[in-house]
Amino acid sequence: MTTLLHTEGLTKQFAKDDTAIVALRDFSLTVEEGSFVTVLGRSGCGKSTMLNLLAGLTTPSKGVVSYRGKPLTGPDQDIGYLTQSDTLMPWRSIQHNVEMPLEIRGTKKQERRRTSAELIRRVGLQGFEKHYPRELSGGMRRRASLARMLAGAPRTLLMDEPFGALDAQLRTELQEDLLRLWQGSGQTVVFVTHDIEEALLLGDRIVVLGRLGRIVADQKIDIPRPRSVDELRVDPTFVSLHTAMAAALKEGS
Ligand SMILES: Nc1ncnc2c1ncn2[C@@H]1O[C@H](COP(=O)(O)OP(=O)(O)OP(=O)(O)O)[C@@H](O)[C@H]1O
Ligand SMILES: [Mg+2]
């Protein structure tokens with residue numbers, strides 16, 4: 001096992017007027033390459049703050065993030081980030097949004113078209129290439145964001161409650177799509193959620209955060225893949241993990 005991401009004593013505080021707000025305190029985590037780690041925590045416990053730090057988008061007040069053994073000093077093209085809120089560019093069509101990471105890399109137009117067409121097909125949005133984000137439903141926009149993230153061919157995917165605002169059926173569909181895209185890819189995923197079932201369905205390992213990002217549980221999820229939501233609900237391992245994680249969440253709040 002190779003360590004991909006490592007944080008030690010990570011603290012982030014924000015200044016608001018004259019007071020300091022601590023959002024994350026002394027957070028230490030090691031993520032192995034190729035693993036799917038789900039991070040579970042209640043609203044406001046510092047999940048997005050933590051992911052912004054892992055993405056190199058913000059700098060810690062204290063502590064370090066290291067990626068492949070080197071300190072992370074800013075965003076890295078190897079790390080894809082699907083943020084909690086929509087960041088598709090409204091003035092660009094879906095195709096042009098998906099091609100963004102390739103444009104930044106200077107990929108030639110023909111190659112960009114080929115890659116974006118393939119990704120748009122993989123996330124089930126064929127026929128919507130020329131549409132603008134406002135012309136798509138919330139679920140379709142999430143699919144487009146997923147395709148855009150994958151266009152950069154990142155080896156590491158950071159995802160912040162990507163399916164949180166969707167109806168239950170659509171969420172299940174997208175979870176299955178994500179697992180299909182991930183399986184066999186060798187990519188490493190850190191997936192943030194506040195939903196226990198989602199965390200157990202997706203991850204190899206679940207890390208439960210309490211207030212200020214304190215780790216209250218860190219547990220391997222020993223449920224064979226492929227996993228289906230319906231079968232999972234009656235799986236004894238799932239049921240006992242669910243109970244334990246619910247207790248951990250409660251303890252952390
Ligand atoms: N830019 C900021 N300025 C001031 N306070 C902030 C800022 N960003 C986050 N916080 C505070 O830090 C805490 C953690 O916020 P964060 O967004 O990381 O929570 P979260 O776990 O992602 O919550 P949610 O599940 O609702 O998305 C909150 O109390 C929030 O108010
Ligand atoms: Mg958040």
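When a residue number appears, it is its place in the shown sequence, counting from 1. All values reported here derive from a predicted model rather than from experimental measurement. Order of appearance sets the numbers: ligands from 1, and atoms from 1 within every ligand.
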#### Entry: Side-chain heavy atoms of Lys109 within contact of Glu99, under 4.5 Å
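Side chain of Lys109 against side chain of Glu99, heavy atoms only: no contact under 4.5 Å found.
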### Side chain proximity check, Val192 to Met50, heavy atoms < 4.5 angstrom
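Yes, at least one pair of side-chain atoms sits under 4.5 Å.
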### Task
Quick one, list the residues around ligand 1 where some non-hydrogen atom comes in under 4.0 Å, by chain and residue number.
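Residues near ligand 1: Phe14, Ala23, Arg42, Ser43, Gly44, Cys45, Gly46, Lys47, Ser48, Thr49, Gln84, Glu161.
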### Query
Checking only N/O/S atoms, does Gln84 have one that is under 2.8 Å from the Mg ion (ligand 2)?
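Under 2.8 Å: Gln84 contacts the Mg ion (ligand 2) through an N, O or S atom.
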### Task
Give a yes/no answer: is there an N/O/S atom of Ser48 under 2.8 Å from the Mg ion (ligand 2)?
yes
## Note on the structure
Here the side chain to side chain donor-acceptor pair (under 3.5 Å) pairs for residues 18-31, sequence neighbours left out, are His6-Thr30
### Query
Is a side-chain N or O of Thr172 found less than 3.5 angstrom from the main chain of Ala168, in a donor-acceptor match?
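Yes: the side chain of Thr172 pairs with the backbone of Ala168.
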Quick one: side chains of residues 38-45, donor-acceptor pairs under 3.5 Å with protein atoms, not counting sequence neighbours, listed by atom name and distance.
| residue | atom | partner | partner atom | Å |
| --- | --- | --- | --- | --- |
| Thr38 | OG1 | Ala199 | O | 3.1 |
| Thr38 | OG1 | Arg205 | O | 3.3 |
| Arg42 | NH1 | Ser253 | OG | 3.3 |

#### Entry: Aromatic plane relationship, Phe36 with Trp182 - under 30° parallel, 30 to 60° tilted, over 60° perpendicular
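Perpendicular, since the angle between the ring planes exceeds 60°.
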### Message
My understanding is that only residues two or more places apart in sequence, or in another chain, count here; which of them pass side-chain hydrogen bond (donor to acceptor under 3.5 Å, both in side chains) with Gln13?
### Response
none
